[in-house]
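What you see is a predicted model, and the numbers here were worked out from it, not measured in a lab.
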Amino acid sequence: MLANPFLRVDNRFMDMNIFDYMRQNNMEKESPLAARLRPRSLEEVVGQQHIIGKDKLLYRAIKADKLSSIIFYGPPGTGKTTLAKVIAASTSSEFMQINATTSGKKDMEEVVEKAKNNQGMYGKKTILFIDEIHRFNKGQQDYLLPFVEDGTIILIGATTENPYFEVNGALISRSIIFELKPLSIEDIKSLIQRALTDTERGLGSFRAEIEEDALDFLAEYSGGDARHALNAIELGVLTTERSEDEKIHITLEVAKECIQKRSLKYDKTGDNHYDTISAFIKSMRGSDPDAALYYLARMLKAGEDIIFIARRIMICAAEDVGMADPQALVVATNASLAIERIGMPEAQIILAEAATYVATAPKSNRSYMGVVYAMEEVEKSGSLPIPTHLQDAHYKGAAKLGHGDGYKYAHDYPNDYVEQQYLPYELNGKEFYQPSGNGYEVKIKDHMKFLKDNVEKKEKP
């Protein structure tokens with residue numbers, strides 16, 4: 001399907017390849033489609049209505065030209081640079097831009113010097129947009145701090161990484177964080193249709209049409225990344241032959257050829273790592289095995305450490321399943337041991353079994369909460385005296401101290417149970433573990449009630 005196109009130039013069809021066409025029309029200097037279609041005003045921006053809707057703070061601040069320092073955070077292709085460009089077009093302040101991957105301290109010094117001149121000589125503010133701000137090291141970020149603090153510059157930072165991990169806390173505290181979300185499927189569809197119909201900056205002059213299933217595929221497969229989708233449709237239009245109706249038809253087959261394999265947004269030391277493992281644990285806790293397996297697959301695809309995954313399953317088994325199904329911890333622990341012996345790819349089968357077992361098991365956090373309450377009590381009351389009859393009586397001289405005196409051996413009593421003081425006397429009547437009404441804890445609750453209802457205080461003859 002991909003071939004040299006018949007391109008319409010000056011109302012004539014000319015059989016030429018892309019490079020001849022580009023040379024003839026001086027298109028070597030043209031920006032990629034995604035750059036040409038970049039919105040020039042807030043009204044042209046697609047998506048991100050949670051931060052640029054007409055009633056939102058950012059919208060009002062841009063319209064009023066009253067920006068304070070801000071940081072845009074979100075995945076690639078969601079509009080961080082776009083919003084910065086919109087601000088540049090709408091502000092009366094001096095707008096300057098640097099990229100943290102190619103700029104150093106000298107570049108920042110030049111910006112600061114110019115900002116001081118703007119402020120001192122003309123009373124004009126300076127907005128500095130730093131793309132990929134997380135690439136600056138601590139020293140470089142620290143250099144900006146006093147100038148952000150005294151208003152010499154208004155900082156706009158853009159980052160694909162969680163700023164709370166990658167940007168100095170002092171800069172964060174002086175900035176407003178705006179998180180941009182991946183564009184919705186409908187947003188991506190809207191952008192693709194705009195690209196195909198816009199004759200000024202888009203591909204409208206090519207008379208291209210996209211089939212519905214191809215549009216759905218590109219919108220879904222782009223993963224919320226506008227740039228990814230626009231690059232694909234541009235490639236499709238520029239490399240597809242015209243049909244007999246003199247139009248370029250973007251079919252599903254063409255769409256599949258033109259879009260790159262979707263890359264997983266996952267950084268094993270960043271917020272994607274923490275977000276995914278959080279979703280995995282919460283899915284198991286929430287008794288959703290399908291979601292648990294989905295997040296497990298995402299982690300495995302991204303190359304997450306299987307030992308790390310196994311540890312989280314064990315913790316979930318103890319914390320969230322607990323005594324509602326004591327076998328959950330057994331399954332999780334054995335899975336952890338098994339994957340160390342087997343490794344990938346077969347380890348994914350074992351992890352899947354453990355995850356689905358924990359996800360579908362009855363849930364109770366009463367053991368976990370019990371130790372939390374007990375820790376709080378120890379913090380509050382300190383090391384209270386242990387009842388003398390529970391103290392160790394096995395060493396020489398213990399009897400003279402009365403240690404162990406009066407201790408009742410539970411197995412000498414009916415049902416192997418006898419009432420006596422186990423907690424320190426100051427905590428008499430305290431309950432730290434209260435079984436739930438789920439799973440095996442129903443039996444535990446019934447058993448404990450049975451023991452107390454049938455207690456025998458006298459020793460067997």
Side-chain angles (χ1 to χ4, degrees), residues 1-5 7-8 17-23 25-40 44-48 72 74-86 99 101-102 131-132 158-160 180-242 247-266:
M1 292 297 297
L2 300 181
N4 295 337
L7 298 171
R8 191 179 186 89
N17 62 37
I18 290 175
F19 303 105
D20 290 337
Y21 177 80
M22 291 172 66
R23 281 191 291 273
N25 292 274
N26 200 29
M27 288 184 64
E28 307 97 313
K29 299 179 181 179
E30 290 282 344
S31 300
L33 175 65
R36 300 199 308 273
L37 279 183
R38 197 183 298 279
R40 295 165 292 189
E44 290 185 1
V45 176
V46 174
Q48 311 307 339
F72 292 131
T78 53
K80 299 182 294 299
T81 303
T82 290
L83 286 176
K85 297 289 187 183
V86 167
N99 191 302
T101 59
T102 57
D131 203 6
E132 306 288 341
T159 175
T160 56
L180 280 68
K181 306 290 187 182
L183 272 64
S184 70
I185 289 176
E186 291 306 314
D187 288 338
I188 297 293
K189 285 183 179 181
S190 174
L191 285 173
I192 292 173
Q193 295 286 22
R194 179 187 295 181
L196 292 175
T197 56
D198 189 324
T199 56
E200 179 188 351
R201 295 184 293 154
L203 303 167
S205 60
F206 286 87
R207 299 179 64 211
E209 294 181 355
I210 186 168
E211 296 180 1
E212 193 66 30
D213 55 354
L215 180 63
D216 291 340
F217 174 80
L218 287 180
E220 182 176 350
Y221 208 75
S222 62
D225 185 331
R227 190 182 301 110
H228 200 38
L230 292 175
N231 287 345
I233 196 64
E234 182 177 33
L235 180 61
V237 169
L238 294 179
T239 59
T240 302
E241 291 183 356
R242 292 186 179 278
K247 293 181 180 179
I248 295 173
H249 293 274
I250 305 299
T251 63
L252 178 60
E253 183 181 352
V254 172
K256 287 181 177 179
E257 288 182 307
C258 291
I259 197 164
Q260 297 175 0
K261 182 179 180 181
R262 191 191 335 236
S263 60
L264 290 176
K265 298 181 178 71
Y266 195 89

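- Ile188 approaches Ala229 most closely through the heavy-atom pair CG2-CB, 3.6 Å.
- Atom CD1 in Ile250 sits 10.5 Å away from atom CD in Glu257 (nearest 0.5 Å).
- Contact between Ala158 and Asp131 at its shortest, heavy atoms only, is CB-OD1, 3.6 Å.
- In this structure, Leu180 and Lys80 approach most closely via the heavy-atom pair CD2-N, 3.6 Å.
- Side-chain contact check for Arg38 and Thr82: at least one donor-acceptor pair (N or O, by modelled atom type) lies under 3.5 Å.
- For Asp213, the side chain to side chain contact (heavy atoms under 4.5 Å, CB included) criterion is met by Glu211, Leu252, not counting sequence neighbours.
- Using a 4.5 Å heavy-atom threshold, the side chains of Thr240 and Thr251 count as separate.
- Note that CD of Glu132 is 10.0 Å distant from OG1 of Thr102, once rounded to the nearest 0.5 Å.
- Under a 4.0 Å N-O distance rule, the pair Arg36/Glu234 qualifies as a salt bridge.
- Of the inter-residue distances, the one linking Ile233 atom CD1 with Leu215 atom CG reads 8.0 Å to the nearest 0.5 angstrom.
- Considering CD1 of Ile210 and NE2 of His249, their distance stands at 12.0 Å, rounded to 0.5 Å.
- Listed by chain and number, the residues in a side chain to side chain contact (heavy atoms under 4.5 Å, CB included) with Asp187 are Val46, Leu183, Ser184 (sequence neighbours excluded).
- In plain terms, the two heavy atoms of Leu218 and Ala232 that are nearest each other are CD2-CB, 4.0 Å.
- For the atom pair CG of Asp225 and OG1 of Thr78, the computed distance is 7.5 Å after rounding to the nearest 0.5 Å.
- Looking at Ser190, its side chain never comes within 3.5 Å of a backbone N or O of Glu186 through a donor-acceptor pair.
- The two residues Ala195 and Leu230 make their nearest non-hydrogen contact at CB-CD2, 3.9 Å.
- Taking CZ from Phe72 and OG1 from Thr81, the interatomic distance works out to 9.5 Å, rounded to the nearest 0.5 Å.
- What you find for Cys258 and Leu235 is that their closest heavy atoms are O-CD2, 3.8 Å.
- Salt bridge annotation for Lys256-Glu253: absent, with no cationic side-chain nitrogen under 4.0 angstrom from a carboxylate oxygen.
- Side chains of Leu191 and Leu37 form no contact here, defined as non-hydrogen atoms less than 4.5 Å apart.
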